[in-house]
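Since we're looking at a predicted model, the values are computed, not measured.
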Amino acid sequence: MEFKKGTGWRCCYDPETGRYTAEIGGGPNHDLYEITKEIYDRVDDPDVERPSSLISEGRHLYMAVDDRCGPPYTVILDTDYQTLCPWAETKTSGTVWDEDLTDAAVETFASEADNREQRRRKRARRQKQAASSGETKEKGEKDE
């Protein structure tokens with residue numbers, strides 16, 4: 001794996017998979033992204049004032065927030081984040097958002113539009129598995 005590092009960010013190119021990933025951290029937030037080759041190539045260019053802004057143009061995979069404006073929380077936007085970024089050191093902060101809340105946020109926020117298709121596919125897979133395993137009751141329903 002090949003890395004580029006700067007203050008508060010680190011990018012990785014994995015020649016085995018051809019994948020480019022990045023992390024932004026060091027403050028109250030820790031975020032992982034899947035980025036393009038173009039972003040990776042430009043991130044350490046001296047003309048780029050804020051490499052973290054460039055990195056955040058990638059597909060958001062994971063974020064842990066502990067900014068003391070409320071309780072800490074973690075949002076796992078792509079459940080494959082550990083496979084995509086095996087080099088990143090992550091730990092969840094506080095409550096981990098459940099799949100339904102994460103799906104709703106991805107559908108609502110324009111900044112997460114790059115995650116919609118993969119979240120929809122995974123949601124459909126979860127629903128199919130639930131149906132095939134006999135889970136016919138909705139959450140919160142009780143037998144009468």
Side-chain angles (χ1 to χ4, degrees), residues 1-140:
M1 292 191 190
E2 300 169 17
F3 291 91
K4 293 183 178 185
K5 298 178 184 181
T7 304
W9 62 271
R10 179 168 59 153
C11 295
C12 176
Y13 168 62
D14 184 345
E16 288 184 27
T17 63
R19 185 173 297 124
Y20 296 88
T21 53
E23 72 179 334
I24 300 172
N29 297 348
H30 183 231
D31 296 89
L32 297 177
Y33 293 88
E34 184 174 39
I35 60 173
T36 63
K37 179 182 184 329
E38 292 74 27
I39 291 172
Y40 183 83
D41 289 344
R42 288 190 50 221
V43 76
D44 57 353
D45 183 323
D47 292 336
V48 174
E49 283 186 41
R50 293 189 49 226
S52 58
S53 293
L54 187 61
I55 291 167
S56 66
E57 291 176 14
R59 186 171 72 89
H60 206 179
L61 304 174
Y62 165 97
M63 90 176 153
V65 179
D66 189 1
D67 59 8
R68 299 178 187 212
C69 292
Y73 62 94
T74 299
V75 182
I76 299 172
L77 296 150
D78 188 329
T79 55
D80 297 324
Y81 75 94
Q82 291 173 316
T83 302
L84 297 168
C85 303
W87 54 270
E89 295 178 22
T90 58
K91 39 186 176 171
T92 58
S93 295
T95 303
V96 177
W97 284 18
D98 69 24
E99 297 287 352
D100 293 333
L101 180 57
T102 304
D103 287 341
V106 166
E107 291 295 334
T108 303
F109 298 114
S111 62
E112 301 304 336
D114 290 343
N115 279 308
R116 290 182 183 148
E117 287 308 311
Q118 68 92 15
R119 295 287 314 174
R120 290 171 183 164
R121 283 192 305 273
K122 288 183 178 187
R123 182 174 53 238
R125 201 173 311 136
R126 286 192 313 269
Q127 290 170 341
K128 185 177 180 181
Q129 286 173 343
S132 68
S133 68
E135 295 179 20
T136 56
K137 297 193 183 313
E138 293 293 322
K139 289 181 185 176

Is there a side-chain contact between [X] and [Y] (heavy atoms, below 4.5 Å)?
X: V75; Y: E112; answer: no
X: Y81; Y: T90; answer: yes
X: T74; Y: Y62; answer: yes
X: L77; Y: V106; answer: yes
X: C11; Y: I55; answer: yes
X: I24; Y: N29; answer: no
X: T21; Y: W87; answer: yes

Self-check item: Passing candidate, salt bridge (Lys or Arg N to Asp or Glu O under 4.0 Å) with E99, options K122, R119, R123, R125
Solution: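 Of K122, R119, R123, R125, salt bridge (Lys or Arg N to Asp or Glu O under 4.0 Å) with E99 is met by R119 alone.
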Exercise. Test R59 against every option in D78, D114, D31 by the salt bridge (Lys or Arg N to Asp or Glu O under 4.0 Å) rule and name the one that passes.
Key: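 Passing option: D78.
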Closest contact, heavy atoms only, [X] versus [Y]:
X: E89; Y: H30; result: O-CE1, 3.2 Å
X: R10; Y: A88; result: NH2-CA, 4.3 Å
X: S133; Y: A130; result: OG-O, 3.1 Å
X: T102; Y: I76; result: CG2-O, 3.6 Å

Quiz item: Between K4 and Y13, does a side-chain contact (heavy atoms from CB on, under 4.5 Å) hold up when you go through it step by step?
Solution: CA-CA 9 Å; K4 293 183 178 185; Y13 168 62; over 6 Å; no
Self-check item: Inter- and intrachain pairs under ring pair (Phe, Tyr, Trp, His ring centres under 6.0 Å), touching residues 108-134, at least two apart
Solution: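 Checked against ring pair (Phe, Tyr, Trp, His ring centres under 6.0 Å) - neighbours excluded - no pair reaches residues 108-134.
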Exercise. Please check if atom CD in E2 has more than 12 non-hydrogen atoms from other residues, nucleotides or ligands closer than 6.0 Å.
Key: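 Result for CD/E2: enclosed.
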Quiz item: Can you tell me if CZ on R42 sees more than 12 non-hydrogen neighbours from other groups inside 6.0 Å?
Solution: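 No.
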Quiz item: Looking at residues at least two apart in the chain, or sitting in another chain, which of them share a side-chain hydrogen bond (donor to acceptor under 3.5 Å, both in side chains) with D66?
Solution: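 Listed in chain order: nothing, the list is empty.
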Rounded to the nearest 0.5 Å, what's the gap from [atom1] on [X] to [atom2] on [Y]? Could you check?
X: M63; Y: L32; atom1: CE; atom2: CG; value: 11.5 Å
X: N115; Y: L61; atom1: CG; atom2: CG; value: 7.0 Å
X: C85; Y: D14; atom1: SG; atom2: CG; value: 10.0 Å

Exercise. Examine distances only and state if a side-chain atom of E23 and a backbone atom of C12 form a donor-acceptor pair shorter than 3.5 Å.
Key: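 The answer is no, because no donor-acceptor pair under 3.5 Å joins these two groups.
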Self-check item: Side-chain donor or acceptor of D98 paired with backbone N/O of L101 under 3.5 Å
Solution: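 Confirmed, D98 side chain pairs with L101 backbone.
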Exercise. List for me each residue that meets salt bridge (Lys or Arg N to Asp or Glu O under 4.0 Å) alongside R50, sequence neighbours excluded, and say none if there are none.
Key: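 With sequence neighbours excluded, R50 shows a salt bridge (Lys or Arg N to Asp or Glu O under 4.0 Å) to no residue whatsoever.
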Self-check item: Worked check of side-chain contact (heavy atoms from CB on, under 4.5 Å) between V43 and W9
Solution: CA-CA 10 Å; V43 76; W9 62 271; 3.7 Å; yes
